[in-house]
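The structure under discussion appears below in the form of structure tokens.
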2 protein chains.
Amino acid sequence: MESPVGLRERKKAATRQAVHEATLRLTVEHGFDHVTVEAVADAAGISRRTFSNYFTNKEDALLYGEEQHIRALVQSVRDRPAEESSWTALRAAVAQFAEHMSPPEREWAVRTRLAMRHPSLLARQLANHAALERDLADAVALRTGPSDAPPRPLVMAAAFLASVRIAMRIWIEEDESRGPGAVMDEILDEMGQRFT
Amino acid sequence: MESPVGLRERKKAATRQAVHEATLRLTVEHGFDHVTVEAVADAAGISRRTFSNYFTNKEDALLYGEEQHIRALVQSVRDRPAEESSWTALRAAVAQFAEHMSPPEREWAVRTRLAMRHPSLLARQLANHAALERDLADAVALRTGPSDAPPRPLVMAAAFLASVRIAMRIWIEEDESRGPGAVMDEILDEMGQRFT
DNA sequence: TGCGCAATGGGCAATTTTGCACATTGCGCA
DNA sequence: TGCGCAATGTGCAAAATTGCCCATTGCGCA
């Protein structure tokens, strides 16, 4: 089940993740502007120079987690069987996605939200989301084939992502009564009326 | 209070310690002969090749902890003020030594003892102890100056180390009613009648 | 008894991390 | 307003780690 990646790659991934989490933790604690690269490097157990080998700046390190999730979601959609309808593929992908959303992930989401008070961060986050929307639309367009008119995948991707964001927000804000999958299902049922 | 050692050296020390502890743990669990270098390296999170960069073989890795303690004790004796009598210096050094012996260290000592069932390990341990006795005798001889006849430091070192070993054994075997320092004091009081 | 094989030790090159130097930037305070 | 200074980004060489290699060793099993 696990890919036979070597020790080298596993260590790099672990370090990258550690740097990201250190950045997130320190940012939540002290605010983005009051966190130095050196402090992050210390917290992650690496040198300041090595930080630069992994990320070009603090923002990249902070947004890395979300970008990972984005990449995983897009890839998951691409990996759905070709015979699934686009909306079904999207729902299946996000369901698989939600499986990995346990309490620690919820904690991560909450903290990420807390860290995003900084304007430049919000800007980058918006850009990421726009890119995600574009990539998802591409994946959808590729899936349905050239039969669908150009605007259709864009609309579907936008609707889908809006649903996901709403569901995430609700899941974060309500107590842990339901898992993220249940919330996703409810919102996507509501939105999906027009796509199924 | 802490030395301003660089990140590099701190990481090397941490890795060396991790390898040692992995070796100790696996040896206690499976027996020295049933532990491969590869298993130790995996447990310590390094490659087999890197293991070789730290230790030439499993025995070195297993005995590293004890050898560290030995070196620390000898150095501690050397660092005692020159005006202290030899026996006083030895007692002071071992008292300082015992300060760092908390429950985790006790656990370490117990496990080390468990791991030492292997003949080749016992042989090396004996050799280490002999070397320790020699080094301590040298330190004592250096301290008292050339006034003392040659056999005297040897006797003192031997008596001292015998006391320490007895105290360690008692401390390990009795429940955790007393700290190691108290046991040391009792045994060394008994032995020291002839040296103070 | 001799083969097969896993474990080991170590050479070597590629890759990564570190430490250090230096230029640039942005901000607070004189 | 301009200086001082901390933070940052980056080039570079030294050091550390990894992966791959092969020769040697010792042990179990045919």
Side-chain angles (χ1 to χ4, degrees), chain A residues 2-64 115 118-121 123-124, chain B residues 2-27 29-64 115 117-121 123-124:
Chain A
E2 76 282 7
S3 24
V5 292
L7 177 61
R8 211 162 218 160
E9 289 169 83
R10 278 184 283 127
K11 279 201 171 182
K12 281 196 77 163
T15 298
R16 200 176 292 273
Q17 190 66 26
V19 172
H20 161 64
E21 283 170 11
T23 309
L24 179 53
R25 179 173 62 80
L26 292 181
T27 297
V28 170
E29 285 176 10
H30 307 121
F32 187 72
D33 289 336
H34 301 231
V35 173
T36 67
V37 169
E38 182 160 25
V40 171
D42 283 353
I46 59 172
S47 73
R48 186 170 72 90
R49 189 63 185 80
T50 302
F51 175 95
S52 295
N53 294 341
Y54 280 93
F55 299 103
T56 61
N57 51 46
K58 274 187 297 173
E59 298 181 7
D60 283 317
L62 193 56
L63 274 297
Y64 170 74
H118 200 282
S120 75
L121 293 175
R124 285 230 12 194
Chain B
E2 75 282 6
S3 23
V5 291
L7 177 62
R8 208 162 221 158
E9 289 168 85
R10 278 184 286 126
K11 280 200 171 183
K12 283 196 75 163
T15 298
R16 201 177 290 273
Q17 190 66 26
V19 172
H20 161 63
E21 283 170 10
T23 309
L24 179 53
R25 180 172 62 81
L26 292 181
T27 297
E29 285 176 9
H30 308 119
F32 186 72
D33 289 336
H34 302 246
V35 174
T36 67
V37 169
E38 181 160 28
V40 171
D42 284 352
I46 60 172
S47 72
R48 186 170 71 90
R49 189 63 185 82
T50 302
F51 176 95
S52 295
N53 293 340
Y54 279 94
F55 299 102
T56 60
N57 50 45
K58 277 185 297 174
E59 298 179 7
D60 282 320
L62 191 57
L63 295 195
Y64 170 74
R117 275 171 303 208
H118 200 284
S120 75
L121 293 175
R124 285 228 14 192

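Numbered from 1 within each chain, the chains take letters A, B, ... in sequence-line order. Computed from a prediction, not measured in an experiment: that's the story for all the values here. Hydrogens, waters and symmetry mates are skipped; everything else that's a heavy atom, side chains included, is used.
The nearest pair of heavy atoms linking A:Leu7 to B:Ser47 is CD2-N, 3.4 Å. Of all non-hydrogen atoms in A:Ala115 and A:Leu121, the two that sit nearest each other are O-CD1, 3.5 Å. Scanning both residues, B:Leu62 and B:His20, for their nearest heavy atoms gives O-CE1, 3.1 Å. Of all the heavy atoms in A:Ala43 and A:Ala22, the pair that sits closest is CB-CB, 3.9 Å.
Evaluated for a side chain to side chain contact (heavy atoms under 4.5 Å, CB included) with B:Thr23, the options B:Leu63, B:Val40, B:Val37, B:Asp60 yield exactly one hit, B:Val40.
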Pair B:Glu29, B:Leu26 - check side chain to side chain contact (heavy atoms under 4.5 Å, CB included), show working. CA-CA 5 Å; B:Glu29 285 176 9; B:Leu26 292 181; 3.9 Å; yes
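In this structure, NZ on B:Lys58 lies 6.0 Å from CG on B:Asp33, to the nearest 0.5 angstrom. Remark: B:Arg25 CZ to B:His30 NE2 distance equals 8.0 Å, nearest 0.5 Å.
A heavy atom closer than 4.0 Å to some atom of DNA chain D occurs in A:Lys11, these being the qualifying members of residues 11-22 of chain A. Applying a 4.0 Å cut-off to non-hydrogen atoms, the residues of residues 41-56 of chain B that approach DNA chain C are B:Arg48, B:Arg49, B:Thr56, listed by residue number.
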Could you write out DNA chain D as dot-bracket? Rules: Watson-Crick or G-U wobble, both distances under 3.5 Å, brackets [ ] for crossings, | for pairs with another strand, dot for unpaired. ||||||||||||||||||||||||||||||
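Place A:Ala39 and A:Arg8 on DNA chain D by their nearest nucleotides, and A:Ala39 ends up nearer the 5' end.
Where DNA chain D meets chain A (any atom under 4.0 Å from a heavy atom), the bounding nucleotides read 5' to 3' are D:dA7 to D:dG19.
Residue pairs that meet the ring-ring contact (aromatic ring centres under 6.0 Å, His included) test with at least one member in residues 31-56 of chain B, sequence neighbours left out, are B:Phe32-B:His118, B:Phe55-B:Tyr64. Within the structure, every pair that satisfies the side chain to side chain donor-acceptor pair (under 3.5 Å) test and touches residues 8-17 of chain B, not counting sequence neighbours, is listed here: B:Gln17-B:Glu21.
One can place NE2 of B:His34 at 13 Å from P of C:dA7, the figure rounded to the nearest angstrom. With rounding to whole Å, B:Leu7 atom CG is found 18 Å from C:dT16 atom P.
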